[in-house]
Amino acid sequence: MKNLKERILELKKEKNAVILAHYYQEADIQDIADYVGDSLGLSQEAMKVDADIILFAGVHFMAETAKILNPTKKVILPDLKAGCSLAESCPPDLFKKFIDEHPDHIVITYVNCSAEIKALSDIVCTSSNALKIVESIPKETPIIFAPDKNLGKYIISKTGRDMQLWDGSCVVHEAFSLDKLIEVHKQYPDATIIAHPESETHILQTASYIGSTAGMIDYVKTNPNNQFIVATEAGILHKMQQEVPHKTLIPAPAKEDNTCACSECGYMKMNTLQKVYDCLLTESPEIDVPENIRKKALVPIERMLELSK
Ligand code: SF4
């Protein structure tokens, strides 16, 4: 009797499907994916895909981005309820009002937002390229940055740019406890703290390196230290540990006690291996983006991809 992973791989071949998975997916899903990456890597990969079906193992806005880039392909998401607190913190009607209140501003949005928000934007960015994108805008031009205020504050601290920030955030990256982090660092005094820029300022101030998930993986590979405390969603530890099997990786602790004492994204973890199988079998739930929104949202995504080459 074939196991679930074997049946998924068989179905994938039969249906000429490709599986793109985010670093925050559970380990079993990462292991059967054709490509595992961060938002930028996944968007770039989605553009190159030569398959009839893209199964996106991630959250809704990521699958939407894949659909915006691949209108003729079927894009499916194992669980349609896999949303994102950050994307949900930016409703399109309120954001449109915010833009109208700040005329003459360039609108830069972090990729963690809905297709409607992207359609209202001038350029999209990810945590890998946010600094580069902001610095590509002429200095005298004021900027609206949305939806993540923590990433926005970090960019302002690095660039000194005049940016109006949308008041959104990620529940997972705001769940880290500074007190507990200090305690863990006392237990591992030689460990280097690394953090994702969606984390709050007081957490970022403790970090020796701040970067995207892909940037953090590169950092632990190239840094000579052997111990790291990692402040981002705990799913990244799977890929990271594969890259540096001899190094010690400690998840940064969350405020609330939970079983693993680390931060996990409940939305990302809605996808399971069984749901991946069912989704491939039934080719649903399918992601649909209305064509008028898709065309408008494509422009700022393409600008980002062009600037990221
Ligand atoms: S980790 Fe945060 S930003 Fe990423 S999908 Fe989950 S809620 Fe959204």
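Atoms within a ligand are numbered from 1 in the order they appear, just like the ligands themselves.
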Between R294 and E291, is there a salt bridge with N-O shorter than 4.0 Å?
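Salt bridge between E291 and R294, a charged N being under 4.0 Å from a carboxylate O: yes.
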
Could K180 and E183 be called an ion pair, given the rule that one side-chain N must be under 4.0 Å from one carboxylate O?
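Salt bridge absent between K180 and E183.
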
Using a cut-off of 2.8 Å, how many protein N, O or S atoms sit around atom 8 (Fe) of ligand 1?
1

S157: which residues meet the side-chain contact (heavy atoms from CB on, under 4.5 Å) condition with it, sequence neighbours left out?
Y154

Main-chain N/O of I54 paired with K73 side-chain donor or acceptor, under 3.5 Å
no

Hey, is NZ on K296 packed in by over 12 heavy atoms from elsewhere, all under 6.0 Å?
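Check fails, neighbour count at 12 or below.
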
For E198, is the nearest heavy atom under 4.0 Å from an atom of ligand 1?
yes

Once the angle between the rings of Y24 and H173 is folded into 0 to 90°, is it parallel (under 30°), tilted (30 to 60°) or perpendicular (over 60°)?
tilted

